[in-house]
Amino acid sequence: MTRRTGWTVAVLALALTACGSDAAPATSTVSPAELKAMLLTVDDLEGIDGGWTVKADTSTADLGSLAESPCPDVALDQQLVARLKPTDGVIFEPGDGSLRGIQQLILTGNAAQLKLDLDTVFGNVESCVGVQYEVPDSGEKVEYDLVDVGELGDQRSAATITAFEPPEFTTTWRGHTAIVRVGAVAIMLNEFEILKSPDEKPTMTDEMFTSLLTEAVSRLGG
């Protein structure tokens, strides 16, 4: 799992964009302490087997941006990428040695600007949905499909992700990713598991992920 600390952002990232707004950078409306208090804790993962712990050495540099995209032919607006850089986040690792991970990112900004930015992000999601494509540099074959998580927050989008490792494309990464906004706060929730073959059943079901996402959103007041 440590071999690809950025995979949950770079390959599980749902956020896709081809353009962005030229408006001024978003203004923070929630304090860093308040944001940290909104993050999931180990107690929230009690219903997910694995004996989860918090990765202690996580820095904001490890968290990327909600606007990063592994999809081909997607030009990223760097102002948008910068505005959607998380303010804080948490990474959970399983204590049972299984090849899994859960990551939550959080940021705040001007609610109106954040809505426009996420409209742009979600509006370009369809460029990769249902199509298998190769990630530049890594050579992984990736495909994802949208998941219905209900009417969470003010904006939301979620997907399942499957990535096949070269050269045999047998080792398979499977997971979920979602972005939800509630007012002036947005979160991204990612989870992944490494399987020995595409036929192996993943631990996290759509229902389990939706339940965890719902808990995360409830902490934002949504």
Side-chain angles (χ1 to χ4, degrees), residues 6-30 35 38-39 60-89 102-131 133 135-136 142-163 175-192 209-210 212-214 216-217 220 222:
W7 192 84
T8 49
V9 175
V11 176
L12 275 179
L14 172 64
L16 316 175
T17 179
C19 60
S21 170
D22 293 328
T27 302
S28 177
T29 57
V30 183
L35 287 176
M38 293 176 181
L39 291 169
T60 54
D62 298 324
L63 302 179
S65 169
L66 274 64
E68 289 183 355
S69 173
C71 298
D73 304 321
V74 175
L76 296 175
D77 182 303
Q78 293 307 305
Q79 290 185 348
L80 179 61
V81 170
R83 283 197 300 271
L84 293 182
K85 283 187 178 296
T87 306
D88 209 336
I102 296 174
Q103 176 199 63
Q104 183 187 11
L105 312 177
I106 193 166
L107 62 84
T108 185
N110 176 275
Q113 179 65 65
L114 191 54
K115 179 184 184 301
L116 290 175
D117 287 345
L118 292 182
D119 278 343
T120 298
V121 169
F122 297 160
N124 288 278
V125 166
E126 293 183 1
S127 65
C128 287
V129 170
V131 178
Y133 59 93
V135 179
V142 178
E143 57 189 44
Y144 69 87
D145 293 284
L146 298 181
V147 174
D148 183 1
V149 294
E151 295 297 314
L152 293 178
D154 299 313
Q155 285 174 286
R156 86 290 305 165
S157 189
T160 57
I161 308 291
T162 305
H176 296 79
T177 184
I179 297 174
V180 180
R181 179 184 67 86
V182 177
V185 177
I187 61 168
M188 184 180 205
L189 184 65
N190 300 313
E191 71 81 22
F192 75 93
F209 180 77
T210 299
L212 185 61
L213 179 64
T214 300
V217 174
L220 311 181

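If you're wondering where the values come from, they're calculated on a predicted model, not measured in any experiment.
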- Message: Show, in sequence, the C-alpha distance, side-chain angles and deciding distance for Leu114 and Leu107, and conclude whether the side chain to side chain contact (heavy atoms under 4.5 Å, CB included) test is met.
- Response: CA-CA 10 Å; Leu114 191 54; Leu107 62 84; 3.7 Å; yes

- Is there a donor-acceptor contact under 3.5 Å from the side chain of Thr108 to the main chain of Ala184?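 Confirmed, Thr108 side chain pairs with Ala184 backbone.
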
- Can you list the steps and then say if Tyr144 with Val129 is a side chain to side chain contact (heavy atoms under 4.5 Å, CB included)? CA-CA 6 Å; Tyr144 69 87; Val129 170; 3.6 Å; yes

- Message: So, using side-chain contact (heavy atoms from CB on, under 4.5 Å) as the criterion, who are the partners of Thr160 when residues are at least two apart?
- Response: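 For Thr160 the side-chain contact (heavy atoms from CB on, under 4.5 Å) partners, ignoring immediate neighbours, are Asp145, Val147, His176, Asp206.
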
- Message: List the residues meeting side-chain contact (heavy atoms from CB on, under 4.5 Å) with Gln155, not counting sequence neighbours, and say none if there are none.
- Response: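 For Gln155 the side-chain contact (heavy atoms from CB on, under 4.5 Å) partners, ignoring immediate neighbours, are Lys115, Leu118, Asp119, Phe122, Arg181.
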
So how far is it from [X] [atom1] to [Y] [atom2], rounded to the nearest 0.5 Å?
{"X": "Thr120", "Y": "Asp77", "atom1": "OG1", "atom2": "CG", "answer": "8.5 Å"}
{"X": "Ser65", "Y": "Leu105", "atom1": "OG", "atom2": "CG", "answer": "9.0 Å"}
{"X": "Ile179", "Y": "Leu213", "atom1": "CD1", "atom2": "CG", "answer": "11.0 Å"}
{"X": "Leu189", "Y": "Thr177", "atom1": "CG", "atom2": "OG1", "answer": "7.5 Å"}
{"X": "Asp88", "Y": "Ile187", "atom1": "CG", "atom2": "CD1", "answer": "13.0 Å"}
{"X": "Ser157", "Y": "Asp148", "atom1": "OG", "atom2": "CG", "answer": "10.5 Å"}

- Least distance between heavy atoms, Leu220 atom then Val182 atom: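 Scanning both residues, the minimum pair turns out to be O-CG1, 3.7 Å.
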
- Which atoms form the tightest heavy-atom contact between Leu84 and Ala67, and what is the distance?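 The pair with the smallest heavy-atom distance is CD1-CB, 3.8 Å.
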
- Item | Lys85/Leu63 under side chain to side chain contact (heavy atoms under 4.5 Å, CB included): CA gap, chis, key distance, verdict | CA-CA 8 Å; Lys85 283 187 178 296; Leu63 302 179; over 6 Å; no

